[in-house]
2 protein chains.
Amino acid sequence: MSEALRVIEGGREIAELMRDIGRRARRAARRLALASAAEKNAALAAMAAEVRAATPAILAANAEDVAEARAAGQTAAYLDRLALDPGRVAGIATAIESVAALPDPVGRVLASFKRPNGLVIERVATPLGVIGVIFESRPNVTADAGALCLKAGNAAILRTGSDSFRSASALREAMAKGLASAGLPADAIQLVPTRDRAAVGHMLAGLDGAIDVIVPRGGKSLVARVQSEARVPVFAHLEGVCHVYVHAAADLAMAKAIVLNAKLRRTGICGAAETLLVDRACAATHLAPLVTMLLDAGCAVRGDETVQAVDPRVEPASEEDWRTEYLDAIIAARVVDGLDAAIEHIETYGSHHTEAIVTDDAAAAVRFFDEVDSAIVLHNASTQFADGGEFGFGAEIGIATGRMHARGPVGVEQLTSFKYRVRGSGQTRP
Amino acid sequence: MSEALRVIEGGREIAELMRDIGRRARRAARRLALASAAEKNAALAAMAAEVRAATPAILAANAEDVAEARAAGQTAAYLDRLALDPGRVAGIATAIESVAALPDPVGRVLASFKRPNGLVIERVATPLGVIGVIFESRPNVTADAGALCLKAGNAAILRTGSDSFRSASALREAMAKGLASAGLPADAIQLVPTRDRAAVGHMLAGLDGAIDVIVPRGGKSLVARVQSEARVPVFAHLEGVCHVYVHAAADLAMAKAIVLNAKLRRTGICGAAETLLVDRACAATHLAPLVTMLLDAGCAVRGDETVQAVDPRVEPASEEDWRTEYLDAIIAARVVDGLDAAIEHIETYGSHHTEAIVTDDAAAAVRFFDEVDSAIVLHNASTQFADGGEFGFGAEIGIATGRMHARGPVGVEQLTSFKYRVRGSGQTRP
């Protein structure tokens, strides 16, 4: 057989494999939609127990993944994200249990109204259906995403990065045992059983309508590919170019605490601040202390001319800096002429993720809340609160900046759809 | 210039025209998002007044459309949908006023919770942004869709069928005058100013991200094209193959009233019943009266063998009949072996739109509600209640069968998105 023919054959095989995964997920989803909260929670408990019991197998598989990634020359930071140890496996099991402890999002009555003709109409939360999750090489996502999808009554099709394929397979095997022992279909959580990249393309095309939504978990290039190619809805954010705006009426001590936390608590998360806007009206008193604080804390500052004048360590900011998600100890800083200019900057350069205003002026906060078109807007609080756990959602599968269905942290409630239930006593329409 | 080059030139012009429409809609949307309920309602009132004042111009434009369509050999039913008269124009103006009378959907607090650290988090309804509406030759959709989008703070890009282009243009001109007189941008409601079909393709591609959602209003071929080509979310239903299931414990008189109404009140709407399922357990008493009633009322019945045995007027049903949306005085009918078989039939052949069960058995109704995966499920009521007005939404832009964001009747509330507003007092994340 020629090489070209072999490729086509391989493509056909992958296509059929993926279609089959889609069909099995659809069947499992129909069963899950009828599972009670107790059934789902029993399955999650069993999954956690099976993960604990499989710790040696999971660690052995992970050691192979790590060895291969090290041989391929991956960085220490990358290997650290990939590596599991007994404590991390225990943490994965505990995380599954904490999902079980969340309130069941299915069956919630979202609205209820009685019509003059006596019809009682309820809007009731239902599972979304089948969720495709495409992620990179963090093995724990296998368990987190699978557990969250299950809790909301959805089937999950998980596609892991190649480097964590063995770890994810071992984790999924334990989870499948837990599902089966609790009487739920093992197909409720499937892992794409090939490293072939063509599988991702099939998922983005929706597997003949089997996938209802795709959730990418990973870096900007993965999310960008998913957003541009997906033929089904996507819950994601491309980047978090988050702003802290220190308004004219900001308390300096509060501004310092919030800016420091928003930028430096953890620099690698999407809710980390990337741009500091300081109002010209308070620049004389607030700018230098804020900039000096950041520089002294080890943060590089790239500023406009006014900011550069504060300290020789400040580097000049380019136009590109205002659009950059550093995910590092770097911040872009500029002085703005009032609230309108701050909002204009955020709308021009921002990513509609998370923005904060620091001010004692309630009216300014209201305008910021109204006019900034971001998933999360905060008043006198750090942007690093952009997180499902911090919102009380228990856990999140990601943060979305789209405007449809899910926006902000995506927890189990956001993984549901709804239907209308109408109760009558023989009503016909006039 | 060669013909090929001219086509390319024309394509470029349309692309640039459409991009410009998208940019203007985006700008208008930003202004509308900040418009108060009073501003929007004043604009709607002014739009209604301008439509009334422009009645002669609207009727003149419509007369040209009708003459052209008649010359092109369109059917009487088609011409009737297209034609306006003074009463219909007055009805259009009244419909705009009734949208003004609806509660404002923007700014509703959808959820509110306080975190242990004192943060107060609110989920607040915001406009969706820019809505593209693609419709056929019913001139009133220009006003209905424009008014609903505006009420929810969205900019609308309307694309009408060629046959009502002049009527829609005259209506939109009056509405734009109303918008401007109320101080809102006329670009809040734009009409694609060309009959060139390439414009639809550009809208489906999203106009460089300017369009947030597409709503097709029209027949199955339009909706199918939009669903298969759109690169942005779509609110729509492809068809309504709606079922009435007469359960073993159904009251016969109630079943007769509901079946008659569900099928024949209006046969051309998406909530009209297309398939009757009668439980074998009550077939001996219920089947003949139901089938005879339908036949006597002028409805053709296509049935399985048991149904055919009831009356010689019953024609045999083919496999295709179970999947068919007749939108006419025709019904497919079959006897099913209990609730499970009824649900299985609906899940196999249905369109996930609207289904009803008639029964006095509450437990059967609960199982039907849980297991039928449709946007609307009814107990002891006619499927023809599948309508935004009947749900109390005031008006609807359509009915959706997708699982994301909007499902069932799409009224002004469904044309909103949301954001999280977080109020703190200096909180930083530990």
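In what follows, every chain begins at residue 1, and chains take the letters A, B, ... in the order their sequences are listed.
- Contacts between Ala356(A) and chain B at a heavy-atom distance below 4.5 Å are absent for every atom of the residue.
- Looking at Glu413(A), there are no atoms closer than 4.5 Å to chain B (heavy atoms on both sides), in backbone or side chain.
- Remark: Lys419(B) does not engage Asp370(A) in a salt bridge, criterion side-chain N to carboxylate O under 4.0 Å.
- Residue contact with chain B, scored on non-hydrogen atoms closer than 4.5 Å, involves the backbone and the side chain of Arg407(A) alike.
- Both the backbone and the side chain of Ile258(B) come within less than 4.5 Å of a heavy atom in chain A.
- Proximity to chain B (any heavy atom under 4.5 Å) is shown, for Thr359(A), by neither the backbone nor the side chain.
- Heavy-atom distances place no part of Asp360(B) under 4.5 Å from chain A, backbone and side chain included.
- Interface residue Thr126(A): only side-chain heavy atoms are found under 4.5 Å from chain B.
- Contact count versus chain A (heavy atoms, under 4.5 Å) is highest, among Leu128(B), Val213(B), Asn261(B), Asp373(B), for Asn261(B).
- Ranked by heavy-atom pairs shorter than 4.5 Å toward chain A, the options Gly426(B), Ser382(B), Ala365(B) are led by Gly426(B).
- Only the side chain of Ile121(A) comes within contact range of chain B, judged by heavy atoms closer than 4.5 Å.
- Residue contact with chain A, scored on non-hydrogen atoms closer than 4.5 Å, is absent for Arg266(B).
- For chain B, the nearby part of Phe113(A) is the side chain; its heavy atoms alone come within less than 4.5 Å.
- With salt bridges taken as basic N to acidic carboxylate O contacts below 4.0 Å, none links Glu390(B) and Arg115(A).
- With salt bridges taken as basic N to acidic carboxylate O contacts below 4.0 Å, one links Glu344(A) and Arg30(B).
- For Val358(A), no part lies near chain B; criterion is any non-hydrogen pair under 4.5 Å.
- Both the backbone and the side chain of Ile376(B) come within contact range of chain A, judged by heavy atoms closer than 4.5 Å.
- Chain A forms the most heavy-atom pairs under 4.5 Å with one residue out of Met254(B), Arg421(B), Gln384(B), and that residue is Arg421(B).
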Can His405(B) and Arg403(A) be said to form a side chain to side chain contact (heavy atoms under 4.5 Å, CB included), step by step?
-> CA-CA 9 Å; His405(B) 197 86; Arg403(A) 307 180 68 80; over 6 Å; no

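- Neither the backbone nor the side chain of Asp251(A) comes within contact range of chain B, judged by heavy atoms closer than 4.5 Å.
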